[in-house]
J.: 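Just passing along the structure, written as structure tokens.
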Amino acid sequence: MDLDFNAEELAFRDQVREFLATALPAEIRDRMHRSDDSHIRDDIQNWQKILHAKGWGAPAWPVEFGGTGWSKTEQYIFETECALADAPAQLAFGVKMVAPVLMRYGSPQQQQYFLPRILAADDWWCQGYSEPGSGSDLASLKMKAERDGGDYVLNGQKVWNTLGQFADWIFCLVRTDSSGKPQRGISFLLIDMKTPGITVRPTRLLDGTFEVNEIWFDNVRVPVANRIGEENAGWTYAKFLLGHERTNIAGIGASKRELARLKQMAAAQPKAGATMLQDPLFATRIAQVEIELRALEITNMRVIFAEAKKHAPGPEASMLKIRGTEIMQRLSELQMEVLGPDALVYRDSSGEIARETSTYLNLRKLSIFGGSNEIQRNIIAQMILGL
Amino acid sequence: MDFSFSDEQQMLLDTTRRFISERYDFEYRNTVRDSADGWSRETWTALGELGLLALNIPEQDGGIGAGAVGTMLVGNAIGEGLLLEPFLSSAVIATQAIVELASTQQRERWLPTLASGELIAVLAHDEISTRENPLQVETRAVRDGDGWSIDGNKSVVYHAPAANLLLVSARIAENEIGLFAIPSDAAGVQLLPCVTVDEQSAAAIVLKDVRVSGDARLGGDAKVALQSALDIGLAALCAEAFGAMQKILNATIEYSRSRVQFGAPIGSFQALQHRMAEMLMHLEQARSMSYLATSQCTDPDPLARRAALSAAMARMGQAARYIGQQAVQLHGGMGMTDELNVSHYFKRLLAFELRFGSTDQHLEIYRLRLQAA
């Protein structure tokens, strides 16, 4: 047993670090460091183009589709180093979500058209899964798709669509049959956002931001050729998508970065003639989260190691999601607490928003989205414990 | 032992609740939030007409003298309604400071207009240096002929942009703090307005050679009165927080009854039932501590008072954090939106944890007393 990376993996890590030090534009790094989303579309796209030029545009794709062919460990190292370096996270909806579905279930025409465009950041993808009545119980979704010649005609509403305001394409789960079990009548469609009848309405969140949308479909015509795989088999593809690409679900790199920032903040914050970092109670709180993170990092590597031996990631991903999001939320609480009453000021006289407070509010989403932590616990109980 | 309220107290609560349900629903409240001032003069005047701004003015001064219990009950209702008006800042804290310190002449000048709402006063006391010791004031007042010249920096004063009168604490000598009434438009006073996380208007205040006459000073050494006003304010803030906790839990229970997933209301799932049971236990512990804060906030023994108030803040801070976070969680994505009231209660409860010292700070105060005993 060896908990450390081997020489080859360390060499790979150094190579990634060197690349990040030279290739990540300073202005993007600075904005990410300040959680400044004002240029988020350009920042994500420009970074994707830089990665693509290096041949690293799709860390988890096989080489035949233009991916790196990296091992799970290398992917993990890459994502961790990117987060530590304040690189923008790749837009998951394209590279990590619809692309694996295309590679596994898409037609050759779909693969040839869409995959290179995802890699080159030509298309911005978003997701149409949840509906007002279908969140945790996704299979109950109702958005109708009725056949009319060579088209489906779509009517309905999607919610919690992230960053769809910038999207060129959306992948949607739609109802093509209501007669049987809910899971049986779902199809998986790729939809051009420019199609007439699509309306995107931003949802104002508690921190004042607009990162999610409602999307309304009013008689939207989608060619049948834009369906993935079989009609009514969309649930299989959706499950494949949800179970895929979870190497980074624990967010170890991002949490390490925020832990380091927390310590810096605490060391700079005066407390009783010393600093908050020297305050026994606060330092104990940091110690608790640091220890939990260290444990999760090792657990994450154990999962990656086990995954390398078999095909798909198992229900262990639920564990990583729950603990990983809890750690990120805890770090955001502590960063806010370091500030004391300064955290009260949400928008100061110059209009600046308090990063730590808004991040704390915003990150409550982590335990809700991507399968709420309650749903993840159900998965653990059923799939791991067999209850 | 008696946990009942008198008829007068119950009437005070009922009147305030009725006013809020009729005149200050969530929609109206958000209109107020989005307005330029961020609070409603109309509502404020109406609160004055109901007598709620005279709660902390003694009867002999023409007020109601409702005491800490009356203030608590009105505070509950204000937290329930997420009011954005300066009740706590002006009608509780600043009024209390004036009642404790002001001369007859000053009382006659300020108390009637405070009661009607024409005058809004705020206590400008907090500074970076008061975070660890509430009486460590670094703003200085020096003699200037018959008057005073005041210099210093005050941080996040709730509702300062709404106030006509600032009650500024300033150090006069090594062991003496004075309280000075300064019109907010006086020369040398600069307000740096901000919006707080719970959507209230506030400001940092810069005082540069602010000259006031001798009669601007309230009483003599203000340390005891300052602590008293802050403690009564703290108890009232606890009451507001309790009102918010109760509402956010009720909203969560309601939502869990109406939200159907997997063919059943999510409130029928045991995992969520246990979560809400836990929230209720936090709520009831918080209610008890709010009662403790209310009954001890005027205790003449400063050590006993400190211990009780810090215990209340430490326990209620935990309750606020747990209930607030779980309410958002159980509402799912809807809990993250600006559209439902849940996120607004959540933010009010967050501000509660930050305004009068954090949960950890109050735990520490309590621990130090325990170790010294």
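Chain letters run A, B, ... following the sequence lines, proteins first, then strands; residues in each count from 1.
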J.: With a 4.5 Å cut-off on side-chain heavy atoms, are W160(A) and T337(B) touching?
T.: yes

J.: For the OH atom on Y366(B), are there more than 12 heavy atoms of other groups (residues, nucleotides or ligands in this structure) within a distance under 6.0 Å?
T.: no

J.: Identify which part of E132(B) has an atom lying under 4.5 Å from any heavy atom of chain A, answering side chain, backbone, both or neither.
T.: side chain

J.: Let's test your reading of the structure: which of R377(A), K271(A), E337(A) forms the most heavy-atom pairs below 4.5 Å with chain B?
T.: K271(A)

J.: Side-chain contact test, heavy atoms from C-beta onward, threshold under 4.5 Å: evaluate it for V195(B) versus D348(A) and give yes or no.
T.: no

J.: Please output the residues of residues 358-367 of chain A in contact with chain B, using a heavy-atom cutoff of under 4.5 Å, in numerical order.
T.: Y360(A), L361(A), N362(A), R364(A), K365(A), S367(A)

J.: A side-chain contact here means heavy atoms from C-beta on lying under 4.5 Å apart; do E374(A) and I266(B) qualify?
T.: no

J.: If I measure from the heavy atoms of chain B, does P270(A) come under 4.5 Å with its side chain, its backbone, both, or neither?
T.: backbone

J.: Can you establish whether the number of heavy atoms outside I253(B) located under 6.0 Å from its atom CD1 is more than 12?
T.: yes

J.: Can you say whether L191(B) sits under 4.5 Å from chain A via the side chain, the backbone, both, or neither, judging by heavy atoms?
T.: neither

J.: Looking only at heavy atoms, which two atoms of S349(A) and L192(B) are closest? And how far apart?
T.: OG-CB, 3.8 Å

J.: Identify which part of V328(B) has an atom lying under 4.5 Å from any heavy atom of chain A, answering side chain, backbone, both or neither.
T.: both

J.: Quick check on the structure: residues of residues 349-358 of chain B within a heavy-atom distance below 4.5 Å of chain A, by number.
T.: L350(B), A351(B), L354(B), R355(B)

J.: Quick check for you: among R367(B), E199(B), M334(B), which has the greatest number of heavy-atom pairs under 4.5 Å with chain A?
T.: M334(B)

J.: So for P182(A), is it side chain, backbone, both, or neither that comes closer than 4.5 Å to the heavy atoms of chain B?
T.: neither

J.: With a 4.5 angstrom heavy-atom cut-off, could you sort out which part of V342(B) is near chain A: side chain, backbone, both or neither?
T.: neither

J.: How about Y346(A) and T196(B): do any of their side-chain heavy atoms sit closer than 4.5 Å?
T.: no

J.: Once you round to the nearest 0.5 Å, how far does CD of E339(B) lie from CG of L205(A)?
T.: 11.0 Å

J.: Please determine, by modelled atom types, if Q325(B) and Q329(A) share a side-chain donor-acceptor pair under 3.5 angstrom.
T.: no

J.: Does the pair R131(B)/D342(A) count as a salt bridge with the N-to-O cut at 4.0 Å?
T.: yes

